[in-house]
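Chain naming here is simple, since letters A, B, ... match the order of the sequence lines and numbering starts at 1 in each.
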Protein chains: 2
Amino acid sequence: MRGSKTDLAQADCAIARSLSIIGDWWSLLIIRDALGGSQRFSEFQKNIGLAKNILSSRLRKLVQSEIFTIEDDHSSPSVHRYVLTGRGKQLAVVMLALWQWGEDNCFPGKLDYGLADEASGKMLARMELETADGRRIDPHDLRMVVKMKRK
Amino acid sequence: MRGSKTDLAQADCAIARSLSIIGDWWSLLIIRDALGGSQRFSEFQKNIGLAKNILSSRLRKLVQSEIFTIEDDHSSPSVHRYVLTGRGKQLAVVMLALWQWGEDNCFPGKLDYGLADEASGKMLARMELETADGRRIDPHDLRMVVKMKRK
DNA sequence: CCGTATCCATTCCGATACTG
DNA sequence: CAGTATCGGAATGGATACGG
């Protein structure tokens with residue numbers, strides 16, 4: 001098995017499994033675009049600026065992984081739309097976390113724009129770490145370990 | 001410029017910039033391990049199971065990106081520890097988001113373990129989307145857009 | 001307009017061998 | 001133990017050409 005990639009899909013870790021599905025640039029950027037309302041092949045290509053063959057293969061994989069479903073567009077046959085599934089939409093939490101981190105750490109001058117909910121027009125709040133009983137944790141003080149859940 | 005990768009580091013999007021730094025499997029898995037307490041080369045290699053040359057190059061990149069700093073270990077010279085910086089620790093939010101998604105969507109039988117804070121022994125709470133005024137949003141109802149911040 | 005197919009450069013990855 | 005060096009194979013990515 002030289003040169004073949006490790007398969008994380010069966011790993012015994014939720015993070016590893018997530019990454020096996022969405023752990024590359026393009027997939028996450030596509031999903032980001034979709035969360036903003038894009039549905040068509042050409043929209044993705046234009047907004048993200050990646051090659052068409054890559055977009056094609058990523059979309060195929062994401063459909064297989066049930067992040068998107070394909071629906072027909074009334075406007076014309078042989079035109080379809082890529083619509084996020086429930087699982088796909090749930091990735092908004094991951095997106096917001098990535099946005100937040102990038103905003104804090106990748107922009108020397110502070111950013112004057114952020115993520116909002118379009119329907120209400122309201123900005124999205126920062127996400128913070130909390131323990132199950134509602135106490136905030138500063139990431140600096142956290143050591144994150146895996147633990148059995150209590151019944 | 002055939003075959004060369006697009007550079008996302010200067011993109012006008014916080015998510016894209018984040019991904020330019022941590023947008024690959026191994027980096028995120030290394031950081032996950034570090035959040036759990038790992039600091040040494042061999043620990044990472046053993047826990048994650050990747051080739052040494054890859055680990056070496058990833059650690060180098062992550063040090064350059066100021067996710068880790070290198071500190072000496074008293075135990076022996078020429079042994080050093082990879083210690084997470086503040087920026088690095090802040091990635092715990094991203095990790096938790098990825099864990100949550102993977103737990104919900106990548107495990108057919110529900111998982112009987114989760115992420116906890118080691119010091120207090122308490123489980124970490126789920127993260128939810130909220131608007132700035134504290135109203136919860138179901139991902140299903142969200143359309144995420146970029147918006148100017150108000151002063 | 002929506003993709004698929006092909007070509008080729010670059011990067012990624014794993015195995016191994018090697019140095020201190 | 002902590003890496004570096006090198007090698008071949010695989011996957012990724014961009015450009016372009018093509019078909020519906």
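Side-chain contact check for Arg87(A) versus Ile21(A): some heavy-atom pair is nearer than 4.5 Å.
The backbone N or O of Trp101(A) lies less than 3.5 Å from a partner atom in the side chain of Asn105(A), making a donor-acceptor pair.
Evaluation of the side-chain hydrogen bond (donor to acceptor under 3.5 Å, both in side chains) rule for Glu71(A) yields Arg81(A) as partners, not counting sequence neighbours. Residues passing the side chain to side chain contact (heavy atoms under 4.5 Å, CB included) test with Ala11(A) are Ala16(A), sequence neighbours excluded. For Asp112(B), the side chain to side chain contact (heavy atoms under 4.5 Å, CB included) partners two or more places apart in sequence, or in a different chain, are Met148(A). Remark: Lys46(A) pairs with no residue by the side-chain hydrogen bond (donor to acceptor under 3.5 Å, both in side chains) rule, at least two apart or across chains. Shown here are the side-chain hydrogen bond (donor to acceptor under 3.5 Å, both in side chains) partners of Arg17(A), two or more places apart in sequence or in another chain: there are none. Take Asp138(B) and apply the side chain to side chain contact (heavy atoms under 4.5 Å, CB included) test, not counting sequence neighbours, and it matches His140(B), Asp141(B). Legend: residues meeting side chain to side chain contact (heavy atoms under 4.5 Å, CB included) with Val146(A), ordered by chain and number and at least two apart, are Arg32(B), Trp99(B), Tyr113(B), Leu115(B). For the side-chain hydrogen bond (donor to acceptor under 3.5 Å, both in side chains) test, residues two or more places apart in sequence or in another chain that qualify with Thr131(A) are Asp133(A).
Lys46(A) places its NZ atom 18 Å from the C1' atom of dG3(C), with the value rounded to the nearest Å. Distance, Leu19(B) CG to dG13(D) C1': 16 Å, rounded to whole Å. As a whole-Å value, the separation of Phe68(B) CZ from dA2(D) P is 15 Å. Protein atom CG of Asp72(A) is 15 Å distant from nucleotide atom C1' of dG3(C), rounded to whole Å. Counting to the nearest Å, the C1' atom of dG13(D) and the CG atom of Asp7(B) are 14 Å from each other. Taking atom CD of Gln45(B) as the reference point, atom P of dC13(C) lies 15 Å away to the nearest angstrom. One atom, CD of Glu71(B), and another, P of dA2(D), lie 16 Å apart when rounded to the nearest Å. In this structure, Gln39(A) atom CD and dC2(C) atom P are separated by 12 Å, rounded to whole Å.
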Using residues 57-67 of chain B as the side-chain source, report each donor-acceptor pair under 3.5 Å to any protein atom, sequence neighbours left out, with the distance given to one decimal.
{"residue": "Ser57(B)", "atom": "OG", "partner": "Ile54(B)", "partner atom": "O", "Å": "3.1"}
{"residue": "Arg58(B)", "atom": "NE", "partner": "Asp24(B)", "partner atom": "OD2", "Å": "2.6"}
{"residue": "Arg58(B)", "atom": "NH2", "partner": "Asp24(B)", "partner atom": "OD2", "Å": "3.2"}
{"residue": "Lys61(B)", "atom": "NZ", "partner": "Ser20(B)", "partner atom": "O", "Å": "3.3"}
{"residue": "Ser65(B)", "atom": "OG", "partner": "Lys61(B)", "partner atom": "O", "Å": "2.9"}

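Pairs of Watson-Crick or G-U wobble type, with distances under 3.5 Å, assemble into runs of 3 or more in DNA chain C at these ranges: C:3-20 with D:1-18.
A sub-4.0 Å separation between OP1 or OP2 of dG3(C) and a side-chain N or O of His80(A) is present. Between Tyr82(A) and dC2(C) there is no side-chain N or O to OP1 or OP2 distance below 4.0 Å. Side-chain nitrogen and oxygen atoms of Arg40(B) include at least one within less than 4.0 Å of the OP1 or OP2 phosphate oxygen of dA2(D).
Nearest-nucleotide mapping onto DNA chain C: of Thr6(A) and Ser42(A), the residue sitting toward the 5' end is Ser42(A).
With salt bridges taken as basic N to acidic carboxylate O contacts below 4.0 Å, none links Lys147(A) and Asp117(B).
Only at 4.0 angstrom or more do the heavy atoms of residues 23-35 of chain A sit from any atom of DNA chain C, so none qualifies. Heavy-atom distances under 4.0 Å link DNA chain D to Lys52(B), Asn53(B), Ser56(B), Arg60(B) of residues 48-60 of chain B, given in residue order.
Among the heavy atoms of the strands, none lies under 4.0 Å from Phe44(A).
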